[in-house]
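Below is one structure; the comments refer to it alone.
Letters go in sequence order (proteins before strands), and every chain restarts at 1.
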Amino acid sequence: MVKKRANIRLFILFVVPAMFIWITVVLIPFIYGLFITLTDWNGLSADFNFIGLKNYLSVFSDGSFIESLKKTFIYSFSSVIFSNILGLAIALALTGKIKGQNLFRMGFFTPNIIGGIILGYIWNFIFAFALTSFGKSIGWEVLEKSFLTDPNKAMLALIIVTTWQMSGYLMVIYIAGLINVPNDIIEASEIDGAGMWNKIRYVKIPMIRNSIAICVFLTITRTFMAFDINLSLTAGGPYKSTEMISYKIYQTAFSNMKFGLGQAQAVVLFVIVAIVSLLQVTVTRKGDDLA
Amino acid sequence: MKKKGKWITYTILILLLIAFMVPFYLLVLNTFKTTQEFVLDPFSLPKFLNLDNYKDAIEKMNFKVSFRNTAIISLSTTLLNTVVSSMIAYVFSRKNWKINKILFMVLVASMVAPFQVYMIPLVKLYGGTLGLSNNLATVIYVGIGITIPFSVFLYEGFLNSIPRELDEAALIDGCSMEKTFFKIFLPLMKPIIVTVMVFVGLGSWNEYLMTSLFLTKSETRTLSIAAFTFLTNKSADYSPMMAGLVLGIIPILIFYLFGQKHIIEGVVQGSVKG
């Protein structure tokens, strides 16, 4: 009896506060969000109608949403490739008994401590003024016109900035993975006459499979949820050429005042991210079994 | 041959690092020039250390107020999140009640959901129905709620690695579970608390999307929102804007210089386990 009382007290004091906050901030809005998708609510008026699954149908029949989904895929795919290759390359270089490893690591990581809004604006100035001026001075025509005003190149600008930022982040995870590769395995491969390239290809990379999986999935979810940089670097432009899914949801809800449709788009994003995360869990589990 | 390879690596790394830093260099460089000088040649050196742009930006961004708001939000979110998350994680780790298992599973599962999926209902419920917009406490509360699953996950993992003999000894001595937590576990959790605090604090400091949905009045703006409004006001006076960006970076850069080890460590732990 006394013990039961103590347990109830413990539950109320230690478990309830966190659960209460989480339920009111995450769970209730999530369920309420599903309800909103069944309505044509505009975010302002008090009344709305139930329209069933119409919003979900509109999501997929809406060409502009599919278009932004496609753009997100292109952006995500390119960012995953470039930032992982660059991040892994830097990590490999830095773990090769280099002096000043800490300083390099700190430098490459710097873009990640700054918010996406500010980073986007910094690059806005770089693309609009610095690169164009540089292009003119060396007579390189590609650079003379700002990437951000060209619908064909604005996406490239986003990928460049994301790669610049993410590679430093991934580098840190890759370094942690590479440090854990047992030294005797590397030495054994050296005795077997493995050169630098073979050591990387056949020893180090297979040993950090898990880090690679983590980094790849991390980049996928991060890029699917990217909003800040999309807003401050290109604002979806020019001519909506860089309107990606998270930005699109925001626009649908808060600019076009279609809350039901916007929430349905958000649910679609949720399903995509959830599938990616489930895939990650299966892939990393499998990796654990093999190791 | 080996030595030569090392030199090549060094050269490439240094060149790459310089390339990485060029945007920051150009940003700072041009804050000391007039907009005309900047547009004419972004690479030229400033004639003298002209601080007019900074004065201008401090005024237009309402720097003092937005800095204060950002600090209040990040500190409160981080501290309160630490308190509630470490406490619930302790019970999850020490009591294998059925309800704990269910709650922990639901919390962890919710980490998958992107913020966008709560965004619209949150605005409707807190901003609309409850009328809590333009209130720093709203943003702090929502910030805590969103970061709870991640923090609980990390704390629980850490607590599980602490041997159970320790709490048994304390309980025999007549300590209650609550007392044991504050007296014995909290001090032991210091490394993981620092990691989680850095992770949550940094995210909260740089937060834009959620904050911007609730804080619209100029006296409640955070640094990110102030930078955003300052830079979208369609003026063509770029140099003060760049000074505004530098002002937004400086506080976090100072933090980084002192706590870089913890920040980077936090990132590794956060992403590997999360």
Side-chain angles (χ1 to χ4, degrees), chain A residues 6 10-11 13-15 17-19 21-22 24-26 29-30 32-33 36 43 90 93 96 98 104-110 113-118 121-123 125-126 129-130 133 164 169 172-173 176 196 214 218 225 227-228 232 246 249 253 259 262-263 266-267 269-270 273-274 277, chain B residues 5 9 12-13 16-17 20-21 23 26-27 38-39 41-43 84-85 87-88 90-91 103 107 110 112-114 116-122 124-125 141-142 144-146 148-149 152 176-178 202 206 208-209 224 227-228 231 238 242 245 248-249 252 256 260 263-264 267-268 271-272:
Chain A
L10 181 71
F11 190 80
L13 287 176
F14 276 49
V15 178
M19 281 323 288
I21 301 175
W22 179 80
T24 50
V25 171
V26 175
F30 181 74
Y32 183 58
I36 292 178
I90 298 173
I98 281 274
F104 278 116
R105 199 175 70 150
M106 194 175 160
F108 285 120
F109 189 78
T110 309
I113 59 158
I114 299 163
I117 291 287
I118 289 178
Y121 280 123
I122 295 176
W123 278 92
F125 288 115
I126 302 291
F129 299 100
S133 154
W164 171 74
Y169 197 97
V172 164
I173 302 174
M196 185 190 80
I214 288 165
L218 190 84
M225 299 195 288
F227 175 83
D228 293 6
S232 58
S246 292
I249 294 168
F259 276 50
Q263 184 60 24
V267 172
L269 172 66
F270 164 68
V273 175
S277 306
Chain B
T9 318
I12 293 174
L13 276 173
L16 196 61
L17 188 62
F20 259 66
M21 291 299 149
L26 287 176
L27 176 76
F38 161 61
V39 175
D41 183 3
F43 298 94
V84 294
S85 304
M87 285 183 350
I88 196 174
Y90 168 64
V91 180
L103 293 179
L107 279 186
S110 78
V112 169
Q116 279 83 359
V117 85
Y118 323 120
M119 175 174 78
I120 296 165
L122 269 175
K124 156 76 179 146
L125 290 173
Y141 187 76
V142 172
I144 298 169
I146 290 173
I148 278 177
V152 172
S176 66
M177 283 282 288
E178 289 91 340
L202 200 63
N206 288 327
Y208 171 77
L209 178 54
S224 293
F228 180 77
L231 273 102
Y238 303 117
M242 288 189 279
L245 292 175
I249 295 175
I252 203 81
Y256 184 50
Q260 57 103 2
I263 294 175
I264 293 178
V267 164
V268 177
S271 39
V272 170

*Considering only heavy atoms, which portion of A/Ile126 lies under 4.5 Å from any heavy atom of chain B: side chain, backbone, both, or neither?*
side chain
*asked:* Quick check on the interface: out of B/Met87, B/Met21, B/Met177, who has the most heavy-atom pairs with chain A under 4.5 Å?
replied: B/Met87
*asked:* Need one label for B/Ile146: side chain, backbone, both or neither, based on atoms under 4.5 Å from any heavy atom in chain A.
replied: both
*Which atoms of A/Ile117 approach chain B - backbone, side chain, both or neither, heavy atom under 4.5 Å*: side chain
*If you count heavy-atom pairs under 4.5 Å with chain A, which of B/Thr9, B/Val84, B/Ile252, B/Leu245 comes out on top?*
B/Leu245
*asked:* Just so I understand: if I count every heavy-atom pair under 4.5 Å between each of A/Trp164, A/Tyr169, A/Trp123, A/Phe14 and chain B, which residue has the most?
replied: A/Phe14
*Considering only heavy atoms from C-beta outward, does the side chain of A/Phe227 approach that of B/Gln116 to under 4.5 Å?*
yes
*So, the side chain of B/Asn206 versus the backbone of A/Ile113: is there a donor-acceptor pair under 3.5 Å, distance only?*
yes
*Look at the rings of B/Tyr118 and A/Phe30 and say which category their plane angle falls in: under 30° parallel, 30 to 60° tilted, over 60° perpendicular.*
perpendicular
*Is any side-chain heavy atom of B/Leu107 closer than 4.5 Å to a side-chain heavy atom of A/Met19?*
yes
_Looking only at heavy atoms and a cut-off of under 4.5 Å, which of A/Val26, A/Leu269, A/Val267, A/Val172 has the most pairs with chain B?_
A/Val26
_So which atom in B/Ile148 and which in A/Ala18 form the shortest heavy-atom distance, rounded to 0.1 Å?_
CD1-O, 3.5 Å
*After noting the C-alpha distance and the side-chain angles of B/Gln260 and A/Phe109, does the key distance pass the side chain to side chain contact (heavy atoms under 4.5 Å, CB included) rule?*
CA-CA 10 Å; B/Gln260 57 103 2; A/Phe109 189 78; over 6 Å; no
*asked:* To check you understand the geometry: which heavy-atom pair defines the closest contact between A/Ala253 and B/Ile120, and what is its length?
replied: CB-CD1, 3.4 Å
*Relative to chain A, which segment of B/Leu209 carries a heavy atom at a distance below 4.5 Å: side chain, backbone, both, or neither?*
both
*Mind checking whether A/Ser232 and B/Tyr208 have side chains closer than 4.5 Å, heavy atoms only?*
no
*Pick one of side chain, backbone, both or neither for B/Leu26, based on which atoms fall under 4.5 Å of a heavy atom in chain A.*
side chain
_Most chain B-contacting option - heavy-atom pairs closer than 4.5 Å, from A/Val273, A/Ile114, A/Asp228_ = A/Ile114
*asked:* Minimum heavy-atom separation for B/Ala227 and A/Ile118, please, with both atom names.
replied: CB-CG1, 4.4 Å
*Answer yes or no: is there a side-chain heavy-atom contact under 4.5 Å between B/Leu231 and A/Phe125?*
yes
_Top of B/Ile12, B/Asp41, B/Ile264, B/Val39 for chain A proximity - count of heavy-atom pairs under 4.5 angstrom_ = B/Ile264
*Which answer fits B/Leu27, side chain, backbone, both or neither, if we ask what part of it has an atom under 4.5 Å from a heavy atom of chain A?*
side chain
*Could you tell me whether the side chain of A/Leu10 reaches within less than 4.5 Å of the side chain of B/Val91, counting heavy atoms only?*
yes
*Test item: A/Ile122 and B/Ile249 side chains (from C-beta on) under 4.5 Å apart, heavy atoms*: yes
_If you define the side chain from C-beta out and look only at heavy atoms, does anything of A/Gln263 sit under 4.5 Å from B/Val117?_
yes
*Does any non-hydrogen side-chain atom of B/Leu13 lie less than 4.5 Å from one of A/Phe108?*
yes
*Indicate the atoms forming the closest heavy-atom contact of A/Pro29 with B/Leu122, along with that distance.*
CG-CD2, 3.9 Å
*Would you name the heavy atoms of A/Tyr32 and B/Lys124 that are closest together and state the gap between them?*
OH-CE, 3.0 Å
*Please work out whether the ring planes of A/Tyr121 and B/Phe228 are parallel, tilted or perpendicular, with thresholds of 30° and 60°.*
tilted
*How many angstroms lie between atom OG1 of A/Thr110 and atom CD1 of B/Ile263, to the nearest 0.5 angstrom?*
10.0 Å
*Does any heavy atom of chain A fall under 4.5 Å from the side chain of B/Leu16, the backbone, both, or neither of them?*
both
*Heavy atoms only, distances under 4.5 angstrom: which of A/Ile98, A/Ile90, A/Leu13 has the most pairs with chain B? Name it, please.*
A/Ile98
*Options A/Phe270, A/Phe11, A/Phe129, ranked by heavy-atom pairs under 4.5 Å with chain B, top entry*: A/Phe129
*Under 4.5 Å, counting heavy-atom pairs only, tell me which of B/Ser110, B/Ala113, B/Pro121 racks up the most with chain A.*
B/Pro121
*Per-residue contact mode, B/Phe20 against chain A (heavy atom under 4.5 angstrom)*: both
